[in-house]
Amino acid sequence: MPDAGSRPPTGRVSYDPLKGRGPGEGLPLPDSYWAATAGPQPDDDGVFDQDREADVVIIGGGYTGLSCAYHLSRNHGADVVVLEANVPGWGCSGRNGGNIRPGIGRVPLRDWRRRWGVDGAKALFDEQLSALGTVRSLIEDGGIDCDLQDTGLLRVAHRPASIGGLAEDHKLLDEAFGYGAELLDAGDIEKHYFRSDEAFAALRFPDGFAVHPLKLAQGVLRLARGAGVSVHRASPVTGWRSDGSGYAVMTPRALVRAKHVVVATNGYTGDSLHPALRARTLPVLSNVIVTRPMTADEKGETDFRSTAPVADTRHALFYYRRLPDDRIMMGGRGPIDERTVDHPRWKERLLGALRNKFPPLSGLTIDYYWAGWVCLPFDAVPHVHHLDEHPNVWFSLGYCGTGVAPALHFGSLLADRIGGDARIPAALGRPMPEFPLAAFRRLGQRVMFAWYRFRDG
Ligand SMILES: Cc1cc2nc3c(=O)[nH]c(=O)nc-3n(C[C@H](O)[C@H](O)[C@H](O)COP(=O)(O)OP(=O)(O)OC[C@H]3O[C@@H](n4cnc5c(N)ncnc54)[C@H](O)[C@@H]3O)c2cc1C
């Protein structure tokens, strides 16, 4: 089996959105395990090369853009065009870990009620449960075969000192949100999941699950096109301007005139895309390895029986799971500078995390390695809103690395909002704050990561 990490990094990361260049044009899917196992990429409508009019034009062909397009077309009868710079699913939607759990943004649960009030926090919590429902109904609507894995996502205390935090969250989830998570001890984990040197307790989110992320993106692409949406690959948007009562959205070969524009570019949002979005996001690299399959002995020694998704309790956390073909996927924080993404230390860091958790798997080697840009807003929660001066230019951005369910769900909320039904929770339906001292975002990131290293020990 080839080591995908040794192949040239075509389309893998290719640029830093903060450095102002575009995301590329017509780049192929990265050499990921997902791309190798998804089957043929479904048809799309090719390069956008003829001017046309539409009700809504969507920039970005990931979960957010495709879900918004599908729901607009299906529920509101809108004429929708999706413009994707590369191929649909090329961004995070085709590269992520496929781990799905209730979760929105990066604000610690214990701070929710202080930040949004009792009712606001509960509304946001319920919205994240609805997000899981949206994923499941999309899968059902499209009969999407995306390798659904064992239900229940574990957050595992990687050291004894983290057990108390899990117990506090367990209580808070129950008392404040009426959510029945389960607290497992080390024995439960060993009995039902695996034997690990870094598993001292776990919080189990019963409705979490895992999918093949690219198959899911491809399924939503098929759904959108089936509902009448035009989805164009290799059609990077270079900008837009007001045009009569709507907007003219430009690509290298043609333009779309539409009443509404939706920006669905998340971590790939270039600082140069539009002045109103400049300095609003911090793209952060996240990377993943997939190992060769475990042998029967390796599997036996770790008793790795479950394919449920797992994350540890580090600030810069590692997430992992056993894939259906007995490989291990391990993901975590990547480098700060995209030019170093192929340096062996980044693969070694993930492999090291795997060895620390599962010493009997020390012989596993890497078959696939890739990375992508997740999106951090300054206030650590996603924003599903419109530009201040342009109420018909919408965006859903800033998923903070937990975006599978939120992106699909907020895409559908935006569709309903544009279609006339205003049901976006107040915590999310707000303008995106600008980063203070935005020119120093990367420096701030270095400080933040050093702090994580210190806290994680
Ligand atoms: C390595 C990794 C692991 C992850 N693991 C998980 C996980 O396990 N669970 C989870 O919940 N989340 C995870 N995430 C996050 C999740 O994948 C994302 O939050 C989600 O996919 C965002 O979807 P999106 O459609 O908003 O953006 P994307 O899927 O990133 O799509 C944005 C698209 O916009 C396009 N684009 C950018 N600029 C332009 C332009 N000017 N014109 C046209 N197109 C443009 C890009 O080419 C890209 O395809 C992970 C992310 C990464 C990188």
Side-chain angles (χ1 to χ4, degrees), residues 11-15 17 21-27 29-30 32 34 48 57-68 82-105 128 131-132 135 153 208-211 213-214 216-217 220 232-240 249-252 262-270 272-274 277 283-289 309-311 317 319-321 329-334 350 369-376 382 395-408 410-411:
R12 186 179 294 147
V13 171
S14 72
Y15 80 124
R21 285 177 287 128
E25 184 171 338
L27 291 173
L29 292 168
S32 69
W34 308 127
F48 183 68
V57 59
I58 296 178
I59 309 171
Y63 296 142
T64 304
L66 294 171
S67 169
C68 185
V82 176
L83 299 171
E84 164 55 48
N86 298 302
V87 289
W90 177 87
C92 285
S93 300
R95 304 171 189 236
N96 64 76
N99 296 350
I100 299 176
R101 69 166 173 89
I104 290 182
Q128 62 184 9
L132 301 185
V135 183
L153 178 142
F209 58 105
V211 296
L214 181 57
L216 177 59
V220 185
H232 296 276
R233 64 165 64 202
S235 304
V237 169
T238 51
W240 66 82
V249 177
M250 277 88 70
T251 71
V262 174
V263 181
T265 47
N266 203 45
Y268 294 82
T269 310
S272 58
L273 183 61
H274 193 273
L277 289 171
V284 171
L285 278 174
S286 177
N287 54 8
V288 180
I289 56 170
V310 188
L317 61 81
Y319 55 89
Y320 50 100
R321 65 182 158 109
M329 180 199 79
M330 171 76 65
R333 163 180 95 60
L350 295 171
Y369 168 73
W370 68 94
W373 293 106
V374 303
C375 183
L376 295 193
F395 53 82
S396 180
L397 303 167
Y399 304 123
C400 305
T402 302
V404 177
L408 290 165
F410 299 159

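All values below were derived from every heavy atom in this structure, side-chain atoms included, with hydrogens, water molecules and symmetry-related copies excluded. Just so you know, these numbers come straight off a predicted model, no measurement behind them. Just follow the structure's listing: the first ligand is 1, and inside any ligand the first atom is 1.
For atom 41 (N) of ligand 1, the closest non-hydrogen atom of the protein is Val237 O, 3.0 Å. The shortest contact between atom 21 (O) of ligand 1 and any protein heavy atom is with Ser93 OG, 3.2 Å. Protein heavy atom in closest approach to atom 8 (O) of ligand 1: Asn99 N, 3.1 Å. Looking at atom 44 (N) of ligand 1, its nearest protein heavy atom turns out to be Ala85 N, 3.1 Å. Counting only heavy atoms of the protein, atom 17 (O) of ligand 1 lies nearest to Asn96 CB, 3.1 Å. Atom 36 (N) of ligand 1 has Thr265 CG2, 3.6 Å as its closest protein atom, hydrogens excluded (heavy atom only). Scanning the protein for heavy atoms near atom 3 (C) of ligand 1, the closest one is Tyr319 OH, 3.0 Å. Considering only non-hydrogen protein atoms, atom 35 (C) of ligand 1 sits nearest to Glu84 OE1, 3.3 Å.
Heavy atoms only, all atoms of each residue included: Ser93 and Gly62 are closest at OG-CA, 3.5 Å. Nearest heavy-atom pair across Cys92 and Trp373 is SG-O, 2.8 Å. What you find for Gly105 and Cys400 is that their closest heavy atoms are CA-SG, 3.9 Å.
Judged by distance alone, with hydrogens and angles left aside, the side-chain atoms of Tyr63 form a donor-acceptor pair with the main-chain N or O of Pro213 at under 3.5 Å. Arg321 places a side-chain N or O within 3.5 Å of a backbone atom of Gly97 that can act as its donor or acceptor partner. A donor-acceptor pair under 3.5 Å is absent between the side-chain atoms of Asn99 and the main chain of Phe209, judged by distance alone. Thr251 places no side-chain N or O within donor-acceptor distance of the main-chain N or O of Ser235, the cut-off being under 3.5 Å. A distance-only check finds no donor-acceptor pair linking the side chain of Asn287 to the backbone of Ala371 [under 3.5 Å]. Checking side-chain atoms of Glu84 against main-chain N and O of Arg233 turns up no donor-acceptor pair under 3.5 Å.
Contact annotation for Thr64 and ligand 1: heavy atoms of both the backbone and the side chain come within less than 4.0 Å of the ligand. Here Tyr268 has heavy atoms under 4.0 Å from ligand 1 in both its backbone and its side chain.
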Test log, rule side chain to side chain donor-acceptor pair (under 3.5 Å), inputs Tyr399 and Asn96: CA-CA 12 Å; Tyr399 304 123; Asn96 64 76; over 6 Å; no
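Close approach to Tyr63 involves these atoms of ligand 1, each under 4.0 Å from a residue heavy atom: 21 (O), 25 (O). Within ligand 1, the atoms closer than 4.0 Å to a non-hydrogen atom of Ile59 are 40 (C), 42 (N), 43 (C), numbered from 1 in the order shown. Counting the atoms of ligand 1 from 1 in the order shown, those under 4.0 Å from a heavy atom of Gly91 are 29 (O), 30 (O), 48 (C), 49 (O). Of all atoms in ligand 1, numbered sequentially from 1 with element shown, those under 4.0 Å from a heavy atom of Val404 are 9 (N), 10 (C), 11 (O), 12 (N). Close contacts between ligand 1 and Asn86 involve ligand atoms 47 (O) [criterion: under 4.0 Å to a heavy atom]. Shown in contact with Gly97 at under 4.0 Å from a heavy atom are these atoms of ligand 1, numbered in order with element: 3 (C), 4 (C), 5 (N), 6 (C), 7 (C), 8 (O). Numbered from 1 in the order shown, with element, the atoms of ligand 1 that lie under 4.0 Å from a heavy atom of Val374 read 51 (C), 52 (C), 53 (C). Every atom of ligand 1 is numbered from 1 in the order shown, and the set under 4.0 Å from a heavy atom of Asn266 is 19 (O), 22 (C), 26 (O), 27 (O).
For Ile100, the heavy-atom gap to ligand 1 stays at 4.0 angstrom or more. The closest approach between a heavy atom of Gly267 and any atom of ligand 1 is not below 4.0 Å.
Heavy-atom proximity to atom 11 (O) of ligand 1, evaluated over Cys92, Gly403, Cys375, is greatest for Gly403. Remark: among candidates Gly62, Gly24, Ala405, the nearest residue to atom 31 (O) of ligand 1 is Gly62, based on non-hydrogen atoms. For the residues Gly401, Gly60, Gly411, Ala264, the heavy atom positioned nearest atom 32 (C) of ligand 1 is part of Ala264.
A distance of 9.0 Å separates OH of Tyr268 from CG of Asn86, quoted to the nearest 0.5 Å. The line from OH of Tyr319 to OG1 of Thr402 is 9.5 Å long, rounded to the nearest 0.5 Å. For the atom pair OG1 (Thr64) and CZ (Phe395), the distance works out to 12.5 Å, reported to the nearest 0.5 Å.
Residues Val57 and Trp240 have side chains not in contact (no heavy-atom distance under 4.5 Å, counting atoms from C-beta outward).
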